[in-house]
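What follows is a short report on a single structure.
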Amino acid sequence: ACKSCDPGQYAEEGSEICKVCPVNMYLEDVGSSFNSCKKCPTGFETYSFTGSTKCYAEGAICLIGQFFNTSNNTCHDCPKGYYANDIRNQLSCIVCGVGQYNNVEKEIKCRDCQSGQYADSVASSLCKECSAGKYNTKSKSIQESDCHDCVAGKYSEEKGRSSVEFCIDCEAGKYSTVRHSSNATDC
């Protein structure tokens with residue numbers, strides 16, 4: 001039995017496969033032949049896509065930090081954790097990777113987590129801080145295990161510390177056998 005090609009595709013007579021309409025041509029109907037692909041009208045294009053079912057406003061330019069939604073021909077801001085750095089043909093936002101974040105909408109790049117922080121998932125809007133009693137000297141860290149313990153006999157009361165120098169010695173006359181102590185009372 002003969003099958004119909006999807007919209008944006010056509011089949012020549014006697015063909016075994018469907019082919020896509022070329023760039024700047026479109027086809028809305030199911031089961032069409034090649035001469036059914038329509039040329040986009042003046043001022044419209046298919047954004048270098050083949051197999052299009054409609055044309056879009058030519059030169060539709062979204063601002064950086066935005067993407068072009070082809071279903072309603074409008075620009076939308078990229079959400080937190082995503083970015084867009086192209087001013088044209090950006091059809092989706094790019095996700096921030098692990099070790100990175102973006103805490104504002106409509107951003108053009110992701111930022112690396114600083115030392116003392118990490119981001120263990122994609123699309124992070126904030127970096128997590130190493131807990132009290134720990135530190136991390138490395139930026140763009142991707143997991144909590146990148147945070148190192150203060151050694152026994154030292155403590156650190158604050159989160160997000162970036163150096164072993166923030167691990168403070170227990171007071172004279174006190175000691176601690178506990179690693180990653182978060183306050184002086186552990187001594």
Side-chain angles (χ1 to χ4, degrees), residues 3-12 15-130 136 138-147 159-160 162:
K3 297 179 182 178
S4 296
C5 294
D6 292 332
Q9 301 179 349
Y10 66 92
E12 296 170 355
S15 179
E16 297 176 6
I17 60 167
C18 295
K19 297 179 181 178
V20 294
C21 288
V23 172
N24 292 330
M25 296 189 82
Y26 71 103
L27 196 58
E28 301 164 309
D29 303 322
V30 174
S32 301
S33 62
F34 177 69
N35 50 7
S36 297
C37 288
K38 302 172 191 168
K39 186 170 173 39
C40 290
T42 303
F44 290 84
E45 64 182 325
T46 62
Y47 287 112
S48 303
F49 293 116
T50 57
S52 292
T53 58
K54 61 182 175 178
C55 298
Y56 308 99
E58 190 174 85
I61 296 178
C62 295
L63 300 173
I64 52 177
Q66 296 182 321
F67 70 98
F68 185 72
N69 185 332
T70 57
S71 65
N72 61 10
N73 287 343
T74 59
C75 295
H76 296 276
D77 293 347
C78 291
K80 294 176 182 179
Y82 295 80
Y83 72 100
N85 57 7
D86 193 358
I87 61 170
R88 187 167 176 213
N89 297 341
Q90 186 90 28
L91 299 177
S92 63
C93 297
I94 302 165
V95 66
C96 292
V98 291
Q100 298 181 311
Y101 75 102
N102 174 2
N103 60 353
V104 294
E105 294 179 351
K106 198 176 172 183
E107 189 57 77
I108 62 170
K109 66 179 182 177
C110 297
R111 289 171 171 64
D112 293 343
C113 293
Q114 299 301 308
S115 52
Q117 303 174 331
Y118 65 96
D120 55 3
S121 61
V122 297
S124 293
S125 60
L126 293 172
C127 296
K128 298 174 183 175
E129 292 183 312
C130 292
N136 177 5
K138 187 172 88 168
S139 63
K140 203 174 178 182
S141 292
I142 62 171
Q143 55 198 359
E144 186 177 14
S145 63
D146 290 335
C147 300
K159 298 189 311 184
S162 60

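Enclosure of atom NZ in K159 is not indicated, since only 12 or fewer non-hydrogen atoms of other residues, nucleotides or ligands lie within 6.0 angstrom.
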Checking C40 against Y26 for the side-chain contact (heavy atoms from CB on, under 4.5 Å) test, could you report, in this order, the C-alpha distance in whole Å, the side-chain angles of both residues, the deciding distance, and whether it holds? CA-CA 7 Å; C40 290; Y26 71 103; 4.3 Å; yes

Decide side-chain contact (heavy atoms from CB on, under 4.5 Å) for I108 and Y83; before the verdict, give the C-alpha distance in whole Å, the side-chain angles of both, and the deciding distance to 0.1 Å. CA-CA 5 Å; I108 62 170; Y83 72 100; 5.8 Å; no

Would you list the atom pairs, donor with acceptor, under 3.5 Å between side chains in residues 74-81 and any protein atom, with sequence neighbours excluded?
from: T74; atom 1: OG1; to: N72; atom 2: OD1; distance (Å): 2.6
from: T74; atom 1: OG1; to: N72; atom 2: ND2; distance (Å): 3.4
from: T74; atom 1: OG1; to: H76; atom 2: NE2; distance (Å): 2.9
from: D77; atom 1: OD1; to: Q66; atom 2: NE2; distance (Å): 2.9

N/O donor to acceptor pairs below 3.5 angstrom from side-chain atoms of residues 119-128, sequence neighbours left out:
from: D120; atom 1: OD1; to: K128; atom 2: NZ; distance (Å): 3.0
from: D120; atom 1: OD2; to: K128; atom 2: NZ; distance (Å): 3.2
from: S124; atom 1: OG; to: S121; atom 2: O; distance (Å): 2.9

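Distance check, rounded to the nearest 0.5 Å: CG of N85 to CD1 of I64 gives 8.0 Å. Rounded to the nearest 0.5 angstrom, Y118 OH and E129 CD are separated by 10.0 Å. The CG atom of D112 sits 10.0 Å away from atom SG of C96, with the distance rounded to the nearest 0.5 Å. The CD atom of Q117 sits 14.5 Å away from the NZ atom of K140 when rounded to the nearest 0.5 Å. Taken from CD in Q9 to OG1 in T53, the straight-line distance is 11.0 Å, to the nearest 0.5 Å.
Distance alone, capped at 3.5 Å, places no donor-acceptor pair between the E107 side chain and the V104 backbone. E45 places no side-chain N or O within donor-acceptor distance of the main-chain N or O of G43, the cut-off being under 3.5 Å.
When all heavy atoms are compared, the tightest approach of N102 to Y82 is ND2-O, 2.6 Å. For the pair V30 and S4, the tightest heavy-atom approach, listed with the atom from each and the gap, is CG1-CB, 3.5 Å. Residues C93 and F67 approach most closely at SG-CD2, 3.3 Å, considering heavy atoms. Nearest heavy-atom pair, M25 versus S52, reported as atom, atom and distance to 0.1 Å: O-CB, 4.0 Å.
Residues satisfying the salt bridge (charged side-chain N to carboxylate O under 4.0 Å, His left out) test with K38, not counting sequence neighbours, are E28. Residues forming a salt bridge (charged side-chain N to carboxylate O under 4.0 Å, His left out) with K138 (at least two apart in sequence, or on another chain): D146. For the side-chain hydrogen bond (donor to acceptor under 3.5 Å, both in side chains) test, residues two or more places apart in sequence or in another chain that qualify with N136 are S141. Judged as a side-chain hydrogen bond (donor to acceptor under 3.5 Å, both in side chains), and not counting sequence neighbours, the contacts of Q143 are S145.
Counting heavy atoms from C-beta on, the side chains of I17 and S15 come closer than 4.5 Å.
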